[in-house]
Amino acid sequence: MTRVAVNGVTGRMGGAVVETAADRDVEVVVGFATSDVERAHGVPVVHPEGATEALREYDVDVVVDFAAPEGALTVADACAETGVAMVVGTTGFDDDGLDRLDAVSAEVPLLKASNFSQGIQVLQRLVGEAVRALDDYDLELLESHHNGKVDAPSGTANSLLATIQEERDVEPVYGREGHAPRDEDEIGVFARRAGDIRGEHELVLAGNDEVVTLAHRAEDRGVFAAGALDAATWLVGRDPGRYEFGSVVDAS
């Protein structure tokens, strides 16, 4: 049985990972959080600063991370020190943070993804094909998440944007206001935050008197938790390096 630590265990996604793990051949043995609590979802909680000792004490195989960038990097350093694999679902890293994750991946297997949905992986591929085929259509990208999400646009939206920019030389415009005529080489990017929306992403391609829409909507956070746990069990025992969630999906 794979022994898992959850970073950000007191958060929405952390709780979903613990709940989803109960139906799988994995055991969540410890959680990390900055909250002043001793247990969450039935799991002992340790501050990220104590992650190195906890990873050893609880004999952890892999960390599943859904936290804030600072806490994620603290636990990532502990993984590098103890030889524990890490699945990173946290988004919003700056360039220095991404460099630190690269350094950790030289020591342990590390898989970072902005989204652990199989459907999003398919959407990424469809977006590339559509943008390549409809190379003169206007592009607009919209994402929606719950009112507690702090980074905008979402990591998934940024990943979709990167896919688009591999096919088209477009410049993102983040929202529009006032006199803002559309440039043919731009893509509008819009973020909405409301209620308890799990995650919605939509690409609109418009031209030639027609509109093509590619969209994905998550109905439950369990989708992302299940994908992260799939990645965790797949990652354990692999060589140090950076891995992609698409490889997990292809292997399933």
Side-chain angles (χ1 to χ4, degrees), residues 12-13 16 66 68-69 88-95 97-98 112-228 244-250:
R12 302 185 193 205
M13 276 306 306
F66 287 100
V88 180
T90 295
T91 58
F93 293 99
D94 59 19
D95 289 341
L98 294 174
K112 181 185 181 302
S114 59
N115 194 299
F116 287 94
S117 157
Q118 294 190 30
I120 284 290
Q121 290 299 309
V122 174
L123 179 63
Q124 289 272 19
R125 298 170 189 180
L126 293 175
V127 162
E129 293 180 14
V131 172
R132 184 166 55 251
L134 306 176
D135 59 0
D136 60 346
Y137 282 38
D138 293 334
L139 306 173
E140 299 282 284
L141 183 61
L142 172 70
E143 60 96 345
S144 304
H145 282 86
H146 60 85
N147 57 21
K149 187 171 179 62
V150 297
D151 57 316
S154 68
T156 302
N158 284 328
S159 294
L160 291 169
L161 178 60
T163 297
I164 292 165
Q165 290 178 313
E166 289 175 2
E167 304 296 338
R168 292 259 303 268
D169 184 17
V170 291
E171 189 69 23
V173 174
Y174 297 98
R176 298 189 180 90
E177 183 180 10
H179 185 68
R182 195 183 201 286
D183 188 271
E184 64 178 9
D185 294 324
E186 75 179 42
I187 175 171
V189 182
F190 305 90
R192 299 186 297 186
R193 299 290 177 264
D196 197 36
I197 300 172
R198 272 65 170 176
E200 299 178 0
H201 296 85
E202 177 182 324
L203 176 67
V204 174
L205 305 95
N208 191 39
D209 293 323
E210 61 183 351
V211 177
V212 177
T213 301
L214 299 174
H216 176 273
R217 182 176 69 247
E219 303 287 0
D220 191 276
R221 290 186 184 87
V223 170
F224 310 123
E244 303 293 333
F245 184 57
S247 298
V248 180
V249 174
D250 290 341

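All residue numbers in this chain count up from 1 along the given sequence.
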- Search all heavy atoms of Tyr174 against all heavy atoms of Pro153 and return the closest pair with its distance. CE2-CG, 3.6 Å
- Message: Any side-chain to backbone donor/acceptor pair from Asp94 onto Gly97? Under 3.5 Å, distance only.
- Response: yes
- Query: Minimum heavy-atom separation for Val189 to Pro172, with atom names?
  - Reply: CG2-CB, 4.0 Å
- Inter-residue atom distance Arg193.CZ - Ser144.OG, 0.5 Å rounding: 7.5 Å
- Assess whether salt bridge (charged side-chain N to carboxylate O under 4.0 Å, His left out) is satisfied between Asp220 and Arg12, documenting all intermediate values. CA-CA 11 Å; Asp220 191 276; Arg12 302 185 193 205; over 6 Å; no
- Message: With a 4.5 Å cut-off on side-chain heavy atoms, are Val170 and Glu186 touching?
- Response: no
- Task: Could you tell me whether the side chain of Arg182 reaches within less than 4.5 Å of the side chain of Asp138, counting heavy atoms only?
- Result: yes
- Query: Under 3.5 Å, is there a donor-acceptor pair between the side chain of Arg198 and the main chain of Asp196?
  - Reply: yes
- Item | Atom pair CG/CG of Asn208 and Asp136 - distance to nearest 0.5 Å | 7.5 Å
- Mark yes or no for whether Thr156, through its side chain, and Ser114, through its backbone, hold a donor-acceptor pair below 3.5 Å. yes
- Message: I need the Leu126 CG to Thr163 OG1 distance, nearest 0.5 Å.
- Response: 11.0 Å
- Exactly one candidate in Gln165, Glu143, Gln124, His216 meets side-chain contact (heavy atoms from CB on, under 4.5 Å) with Leu160; the answer is Gln124
- dist Phe66:CZ -> Arg221:CZ (nearest 0.5 Å) comes out at 11.5 Å
- Take atom CD in Glu210; do more than 12 heavy atoms of anything else shown fall under 6.0 Å from it? yes
- Nearest heavy-atom neighbours spanning Leu98 and Phe93: CD2-CB, 3.8 Å
- Side-chain heavy-atom pair Val131, Leu205 within 4.5 angstrom cut-off: yes
- Note on the structure: Heavy atoms of Ala218 and Phe224 approach each other most closely as CB-CZ, 3.3 Å
- Message: Less than 4.5 Å apart, side chain to side chain, heavy atoms only: is that true for Glu202 and Leu141?
- Response: no
- Message: In the structure I gave you, are the side-chain heavy atoms of Val204 and Leu142 within less than 4.5 Å of one another anywhere?
- Response: no
- Minimal non-hydrogen separation, Val223 against Ser117, with atom names: CG1-CB, 3.9 Å
- Item | Student check: side-chain heavy atoms of Glu167 and Val127 closer than 4.5 Å | no
- Item | Whether Asp183 side chain and Asp185 backbone form a donor-acceptor pair below 3.5 Å | yes
- Query: Gln121 versus Glu244: any side-chain heavy-atom pair under 4.5 Å?
  - Reply: no
- Atom CG of Leu214 and atom CG of Leu203: how far apart are they, to the nearest 0.5 Å? 5.5 Å
- Check whether any side-chain heavy atom of Arg168 sits under 4.5 Å from a side-chain heavy atom of Leu139, and report yes or no. yes
- Item | Heavy atoms of other groups near Arg217 CZ, more than 12 under 6.0 Å | no
- Task: State, to 0.1 Å, how close Ser154 and Lys149 come at their nearest heavy-atom pair, and which atoms those are.
- Result: CB-CE, 3.6 Å
